[in-house]
Structures are given as C-alpha cells and as structure tokens.
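Notes for the one structure printed next.
Remember, predicted model here, so these are calculated numbers, not experimental data.
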Amino acid sequence: MSYADSHPFSRTRWSEYRHSLWLLTTRDLKVRYTTSALGYLWSILDPLVMAAIYWFVFTQVFDRLVGTQPYIVFLLAGLLPWMWFNGAVSDSTRAFLKDAKLVRSTKLPRTIWVNRIVLSKGIEFVLALPVLAMFAILFGAGVGWQLVFFPLAMVLQAALTAGIGLIVAPLVVFFRDLERATKLVLRFLFYASPIIYGISNLPEGLQFWAAFNPLAGIFSLYRAAFFPDELEWFAVGIAAAMSAAFLAVGLWVFRNAERQVLKEI
C-alpha cells in the first residue's frame, strides 16, 4: 500500500489524478494482454510486419534510395512512434462513447479518459523499444550521444497526442462521422510524414513545408540516436511550438465542450 493510500487526507488533487490515471492505464493494458494468446507480441508484430514490407519494397524490389542505411532501423525508428500516435488518436475517438457509464458516474477529471489512452499506448511504445535496439545491433547501426533526445521526443509526442485527443474525443460525441474522418486523416498523415522516407529525400521545395508537420521534428529526434544527420532543429522547433499549441487548444476545446458531452452520452 502506498503512502497516499494509507493517508487519504494527505492526498492532493494531482496525486489522486496520477493514481487514478495509473489504475485505468494498467487496467487497459491487462485487458489487452490477458485476453490475447500472444499478448505483448501483438504490440510489436504490427510495426515489424509493416517495416518488413517497406524494407522489401524499397530495398529488394525497386532498390530506391530512401531514408538512411540500415534502412530497417530507419523504418522502425519512425514506425514505432507512429504506432503510438496513430493508436492513441484513433482510440481517442471512442474515449467517451466506449466507457459512457463510467464517464457519467465517476467524479474523475474527464481528461483522464483521453490521457489514459495516450499513456497506455506510450507504454506499449516503450515496451517495443528493445526490438529497435535488437535490429540496431544486428544491422550495425551505431548509437550516438544524441540518444539523450529520446526523452524529449517522447515528451513532445505525448503533448501533441494528448492535445489532438482532447480535441477529437469530445467532438466525436457531437459529430459521429468525425470518427471515420479521423481515420482517413491518419491514413493520409502516414504518407505525409517522414516515416518511410526522410525529409532530405523530399524535393527542396517541399522540405521547408514538411517541417511544419510536427511529427517530422519528433521523428528526427528519435532517429538522431542512430542517424545524427537526420536531426532537423528547425523541424524540432516547429514540433515543440505546435505540440504546445495543440495541447493548449485541446484543453480549451475540452473544457468548453465537457458539459455538453456529459449530456450527449
């Protein structure tokens, strides 16, 4: 039993929020893994299959020079964080509709229903990092001091994902078609983001505009650990500013829509 549990009067609102967030997140992970025979393997199987397909297409079929060698490590360094972003935003569209009774009946801050999705997907991302490390070792991708940027990338991605989730989650309650629209946008964003290619692979006229995709700067931070030349500080600055902006807008949208959401669900 934790100190907060044994001394309930000593709890602060923030400690209670963290405690509830962790309980809901671990519940999600337990349900996801205990109801599946492969469990943890499913969290890494999807990005591995996608990486294998793109690696085969671009290195064995067309022999196109995209990304940086070893290409499989380059791919995974973009695909793994993409799976976190894509999964969290996609699941946020049902954050209130899926647990409508709990959302209405509990007095927990309603932001927790979005943040637990972001946190659970983030934990799955962390659990998949050993796979990235294994391929880096197998294919001889050196690790530089730029590995220290990994935590910064995770913080920026968490802020960006939470902000978008806080915008999407309440709006889907009012506009149900937004759930399908979000999935279409995510599909477009996959190819519009430097995942299977790098910013440097784009025509010069597009490289500047590509930096305004916040995922570009975040992915460059992840890849910098293995490929220092992939680090684009301009894109990172844009990503930091847009992550903060999306989080601020998300909180504003959420607070203004919260009462109506409770009535609709």
key: Under 3.5 Å donor-acceptor, T26 side chain and L23 backbone   = yes
query = How would you list all residue pairs meeting side-chain hydrogen bond (donor to acceptor under 3.5 Å, both in side chains) that involve residues 128-141, not counting sequence neighbours?
reply = none
remark   = Minimal heavy-atom distance between A216 and A210, with the atoms involved, is CB-O, 3.6 Å
key: Pairs where residues 153-173 contributes a residue and the test side-chain hydrogen bond (donor to acceptor under 3.5 Å, both in side chains) is met, not counting sequence neighbours   = Q157-Y222
remark   = One should read off an interatomic distance between L75 CG and F135 CZ, to the nearest 0.5 angstrom, of 10.5 Å
note = Nearest heavy-atom contact between G78 and R223 is CA-NH2, 3.7 Å
query = Mind checking whether I123 and T25 have side chains closer than 4.5 Å, heavy atoms only?
reply = yes
request  = Establish whether L79 and I137 are linked, either directly or via other cluster members, by ILVMFWY side-chain heavy-atom contacts under 4.5 Å.
outcome  = no
query = Are the side chains of R176 and L97 in touch, meaning some heavy atoms are under 4.5 Å apart?
reply = yes
inquiry  = Are V155 and V148 linked, directly or through intermediate hydrophobic residues, by side-chain heavy-atom contacts shorter than 4.5 Å (ILVMFWY only)?
reply    = no
query = Does the side chain of W113 come within less than 4.5 Å of T111's, by heavy atoms?
reply = no
Side-chain donor/acceptor of D91 to backbone N/O of A88, under 3.5 Å = no
query = Is the closest side-chain heavy-atom distance between R110 and F254 below 4.5 Å?
reply = yes
Atom of A153, atom of L221 and distance for their closest heavy-atom approach = CB-CB, 3.7 Å
message = Tell me whether F139 shares a hydrophobic cluster with L147, the cluster being built from Ile, Leu, Val, Met, Phe, Trp, Tyr side chains joined at under 4.5 Å.
response = yes
ask   = Does a side chain donor of either D28 or S120 reach within less than 3.5 Å of an acceptor in the other side chain?
value = no
key: In one Ile/Leu/Val/Met/Phe/Trp/Tyr side-chain cluster, 4.5 Å: I117, L215   = no
remark   = The side-chain contact (heavy atoms from CB on, under 4.5 Å) partner of I196 among Y54, W82, W55, F74 is Y54
task = With rounding to the nearest 0.5 Å, note down the distance linking CG in L189 to CD1 in I195.
result = 7.0 Å
ask   = Is the closest side-chain heavy-atom distance between L29 and E124 below 4.5 Å?
value = yes
key: Within the 6.0 Å centroid threshold, strictly below: F219 and F227   = no
request  = Output, in order, the C-alpha distance, side-chain angles, deciding distance and verdict of ring-ring contact (aromatic ring centres under 6.0 Å, His included) for F149 and W233.
outcome  = CA-CA 12 Å; F149 294 135; W233 282 114; 5.3 Å; yes
query = Any idea how F226 and F150 line up, ring-wise: parallel (<30°), tilted (30 to 60°), or perpendicular (>60°)?
reply = perpendicular
message = Distance check, rounded to the nearest 0.5 Å: I199 atom CD1 versus Q207 atom CD?
response = 7.5 Å
task = Determine, stepwise, if the pair I164 / S92 fulfils side-chain contact (heavy atoms from CB on, under 4.5 Å).
result = CA-CA 9 Å; I164 295 175; S92 291; over 6 Å; no
query = Would you say R255 has more than 12 foreign heavy atoms packed within less than 6.0 Å of its CZ?
reply = no
task = Under the side-chain contact (heavy atoms from CB on, under 4.5 Å) rule, what do L178 and T93 come out as? Steps first, then yes or no, please.
result = CA-CA 8 Å; L178 186 60; T93 60; over 6 Å; no
request  = Would you indicate whether N256, at its atom CG, is surrounded by more than 12 heavy atoms from other residues, nucleotides or ligands within a distance under 6.0 Å?
outcome  = yes
key: Verdict with reasoning, M83 to F125, per side-chain contact (heavy atoms from CB on, under 4.5 Å)   = CA-CA 8 Å; M83 299 303 292; F125 165 71; over 6 Å; no
query = What's the spacing between L21 CG and I112 CD1 if we round to 0.5 Å?
reply = 5.0 Å
key: Reported NE2-to-CG distance for the pair H19 and L24, which is rounded to 0.5 angstrom   = 10.0 Å
remark   = Between A257 and P170 the two heavy atoms that sit nearest each other are CB-CB, 4.0 Å
ask   = With under 30° as parallel and over 60° as perpendicular, where do the rings of F234 and F208 fit, or are they tilted in between?
value = parallel
message = Can you tell me how far apart CG (L119) and CZ (R18) are? Round to the nearest 0.5 Å.
response = 12.5 Å
message = Do M50 and F188 sit in one hydrophobic cluster, given that two such residues count as connected whenever their side-chain heavy atoms are within less than 4.5 Å of each other, even indirectly?
response = no
task = Using the side-chain contact (heavy atoms from CB on, under 4.5 Å) rule, take F174 and V261 through it: C-alpha gap first, then chi angles, then the decisive distance, then the call.
result = CA-CA 8 Å; F174 307 122; V261 166; 3.8 Å; yes
Minimal non-hydrogen separation, A95 against V114, with atom names = CB-CG2, 4.2 Å
message = So L184 and R180, do their side chains get closer than 4.5 Å, heavy atoms only?
response = no
inquiry  = Within the 4.5 Å heavy-atom criterion, are F85 and L186 side-chain neighbours or not?
reply    = yes
message = I want to check something: taking the side chain as every heavy atom from C-beta on, are R94 and V172 in contact at a cut-off of under 4.5 Å?
response = no
ask   = Where is the tightest heavy-atom contact between P47 and L76, given as atom of each residue plus distance?
value = O-CD2, 4.1 Å
